[in-house]
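The structure is given below, and queries will be raised subsequently.
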Amino acid sequence: MFRRMEWLLVLSQKYGCAYVCNPKDWETGGHSTGNVGMLFGCSRDGIVGNSTLIASTSVLKSQGATVETASLHFDKSGPHLVRIKSGQPMFRGSAYSMSPKPDPRRKRPAVYKLSCPQVQTVTHQMSYRWLQAQYSAVRLQDGRKTDWGSATYRIALQLRRGDRPEACPLFLYLNALRYVFAAMPQISLQNSKILLIGEVNPKSNEFECLSGIQNLQFLASRRLVGRGSSGLKALKRDLDYIATSNILILGGGGSFPSFAATLQAPGGVTLHSRTKDAGLDGLPYAFELDKVGRFTCKQRLSTKAEQKEDYKIPGDSLLSQQVEKAVQIYSKWSSGRPFCQSTKSPGFSRKKCEAPDFSILKLEPCKEPAKLNLALSLAPAEPVPIPTAQPEADNSNSVPQRTQDAVPSLQPLDNKCGKRPMCCGPARSFAESTVLQHNHVAFYFVRCAGNINHDFHQNFWPLFWWMTRLRNDDAALLVERNCDSKRHWGDDLLWSVARTQGWRIYNYSKGVRYCARGQLHIMRSVGPCCDYSLKPKSFVHYGKGVIWAAVLGRSRLALDEHTKVLIYSRANANYRRIIEPKRLEPVFHPRLNVTVADDVPPTLLEQARFFSSFAVVLAPNGGWAPNVLFMASDACLIELHLYRRDSWAKDYGLGGEIGEILLITGDYHDPKKPILHRRGRVGGDDDILVTGGKDNLLNDVRRSMAKSHVCKQYLAT
């Protein structure tokens with residue numbers, strides 16, 4: 001299916017356009033999976049995902065989009081042509097172009113309609129980002145779960161068998177595991193899980209050798225043929241585990257494995273052998289094994305801090321020894337088999353007469369080694385359940401001491417326990433202390449005051465990542481709350497997320513001595529010298545979904561209607577107020593409903609509901625920026641900056657989760673007044689004139705919207 005329609009995704013990515021959903025593109029024919037468009041956000045019920053990647057015909061019609069006929073071109077020269085099959089060319093994704101090319105300066109949206117020639121695309125280097133992003137967005141919205149437990153190393157072995165039982169020989173995967181465990185001796189039975197995925201019979205003699213690998217499980221399904229969708233559930237499950245693995249091993253067998261690799265979450269690595277038609281060429285996380293599954297150079301996979309000098313096969317770990325035992329059993333089982341038999345046999349090709357090869361190669365270091373980025377790949381595999389109602393904040397008034405830093409790391413931030421309990425609070429005997437019996441206890445300070453922008457980036461987000469990372473490892477919080485009775489955005493956010501995520505929390509009291517038997521972690525604020533970016537980047541999309549569910553009680557991130565515009569003037573603030581904000585209303589199309597607000601609502605829930613309801617928000621930069629979390633995935637933010645850019649939304653990660661952000665920067669202050677100077681400020685703090693300043697804000701907003709992709713649909717013509 002993808003070979004037939006992938007040229008559409010290639011062109012959309014090449015020219016910065018959205019793919020227009022057509023459910024007919026996603027029919028899989030006679031493999032009992034039916035129409036799979038819903039896995040990628042395209043179905044008869046509508047679209048799901050980022051509006052810059054996928055578009056709905058009905059929405060485009062309501063926006064007055066024009067339809068333009070275009071021509072598809074493909075380059076048949078050597079670099080772009082993989083092979084000819086039955087007279088039909090098999091192209092790389094780089095082969096395609098179109099004319100006329102989409103014009104990014106046009107004021108009205110256009111749909112480019114192309115005729116559909118019989119072309120096949122066999123590589124994914126131009127489209128994998130679209131597939132990866134859309135599959136992840138849909139899986140999150142559907143709430144589909146995968147059970148990797150607390151495994152840090154999520155290893156998936158995908159065997160493409162089904163109608164080709166001789167494909168993907170098991171010895172290839174055993175070889176790959178030997179080399180992986182040699183490269184990463186820190187992988188153990190306790191911190192890893194191995195899944196064998198495919199249409200196989202786990203009870204066959206072929207797989208008996210795997211029974212001794214204690215952390216290996218089968219995700220097996222029976223082969224299905226014919227029309228209908230009886231196999232869709234198993235396909236969806238298999239793809240979910242492939243997408244959430246961080247070490248994916250493929251053994252060829254057809255074009256399905258290379259497609260499946262496009263879904264793997266960022267940060268993981270794909271190790272592949274016998275890949276059909278160079279399908280994984282150009283994917284930066286895919287690395288080729290030799291034809292029997294061995295490394296072709298001395299891969300290290302891990303960071304330098306984790307590397308060891310030895311590179312032994314078999315390794316010394318218990319897991320490595322168990323794999324070696326499997327190699328011995330498999331070798332004995334296969335030793336008497338007729339490899340050139342006339343009928344197909346599981347794991348053996350009658351055409352190539354190939355016997356297993358477990359010989360050890362002498363390898364040189366890799367020029368471009370594979371790197372497994374655990375911090376990126378370990379974004380949680382399970383979306384949170386959606387609460388039925390907004391949880392109320394815990395207003396208990398216990399007070400603790402300030403604590404500090406949580407830049408994401410796989411290692412404990414601070415472990416001062418050793419074999420003896422680590423205690424904090426007034427001096428007391430151990431018998432008089434409160435002992436927290438958890439593997440990890442984090443000491444965290446909530447101050448309930450100040451700029452929510454700094455509080456969110458420097459305190460809450462690092463804590464949120466850390467607690468999510470350890471959600472299955474018996475972690476708890478000891479929280480000091482320096483709060484009065486007044487509700488605070490950051491405090492409400494902590495308790496909303498904590499309750500929906502099931503965090504274990506203890507309120508610190510100065511009169512009690514607390515002792516931790518496990519590791520004690522001191523969660524510090526990210527200091528002013530540090531990068532405030534939300535990390536890991538791949539966690540941001542997941543995190544936004546969790547916070548939406550916790551605060552708003554829903555998981556749909558897109559807008560139901562695109563008619564409301566907010567001009568937030570900051571009239572009740574001390575700095576960066578828009579003077580006469582109604583003069584900006586003519587910028588927007590007359591069909592839109594424009595609201596001018598002098599201030600935002602006081603509580604977290606009210607602000608979340610407020611910002612999530614607008615298709616466009618125009619506002620000066622400021623401490624309100626974490627509310628970009630609650631702007632829809634297809635919304636437009638127009639952020640105003642005096643003199644120089646100072647955008648936390650754009651520069652530190654939240655802006656990437658909405659449709660588009662426009663930064664309008666210039667000198668808009670009143671020339672009759674002196675410029676304000678505040679120590680430590682990056683941008684300006686003067687009031688903002690719509691017209692009359694050195695630069696014209698009205699014209700600058702118009703120009704920027706006219707050049708944009710998402711925001712221009714709201715511009716007055």
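The first residue in the sequence is number 1, and the count goes up from there. The structure displayed is predicted, hence computed values, not measured ones.
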> Can the ring centroids of Phe464 and Phe539 be said to lie less than 6.0 angstrom from one another?
Replying inline: yes
>> Would you say that Glu206 contacts Val200 through its side chain, given a criterion of any heavy-atom pair below 4.5 Å between the two side chains?
In response: no
> Side chains of Leu174 and Phe358: closer than 4.5 Å at any heavy-atom pair?
Replying inline: yes
>> Regarding Asp240 and Lys236, does a basic nitrogen lie under 4.0 Å from an acidic carboxylate oxygen?
In response: no
>> Between Val479 and Tyr508, is there a side-chain heavy-atom distance shorter than 4.5 Å?
In response: no
> How about Glu208: does its CD atom have over 12 heavy atoms from other parts shown lying under 6.0 Å from it?
Replying inline: no
>> A cation-pi test, strictly: NZ or CZ of Arg144 under 6.0 Å from the centre of the six-membered ring of Tyr135 and no more than 45 degrees from its axis. Yes or no?
In response: yes
> Does Val36 reach the side chain of Leu235, with side-chain heavy atoms less than 4.5 Å apart?
Replying inline: yes
> Distance-only, no hydrogens or angles: does the Asn191 side chain make a donor-acceptor pair with backbone N or O of Ala151 under 3.5 Å?
Replying inline: no
>> Around atom NZ of Lys276, are there more than 12 heavy atoms from other residues, nucleotides or ligands closer than 6.0 Å?
In response: yes
> Is it the case that Thr152 and Arg469 place a side-chain donor and acceptor less than 3.5 Å from each other?
Replying inline: yes
> Can you find a heavy atom in the side chain of Glu657 that is under 4.5 Å from one in the side chain of Val540?
Replying inline: yes
> So Tyr532 and Trp648, would you call those rings parallel, tilted or perpendicular, with 30° and 60° as cut-offs?
Replying inline: parallel
>> Whether the Glu288 and His272 side chains hold a donor-acceptor pair (N or O, under 3.5 Å, no angle test) is what I'd like checked.
In response: no
> Who passes side-chain contact (heavy atoms from CB on, under 4.5 Å) against Ala476, sequence neighbours left out?
Replying inline: His438, Arg504, Tyr506
>> Is any side-chain heavy atom of Leu177 closer than 4.5 Å to one of Ile249?
In response: yes
> Just one of Val323, Leu170, Val327 clears the side-chain contact (heavy atoms from CB on, under 4.5 Å) bar with Cys209, so which one?
Replying inline: Leu170
> Can you find a pair of side-chain heavy atoms, one from Leu159 and one from Ile197, that are under 4.5 Å apart?
Replying inline: no
>> For Tyr330 together with Tyr173, are the ring centres under 6.0 Å from each other?
In response: no
> Does the side chain of Leu263 come within less than 4.5 Å of Leu131's, by heavy atoms?
Replying inline: yes
>> Check Lys298 with Glu364, please: is the shortest side-chain N to carboxylate O separation under 4.0 Å?
In response: no
>> We want to know whether Arg154 and Ser192 form a side-chain donor-acceptor pair, criterion being a heavy-atom distance below 3.5 angstrom.
In response: no
>> Strictly below 4.0 Å, N to O, side chains only: are Arg294 and Asp357 in salt-bridge contact?
In response: yes
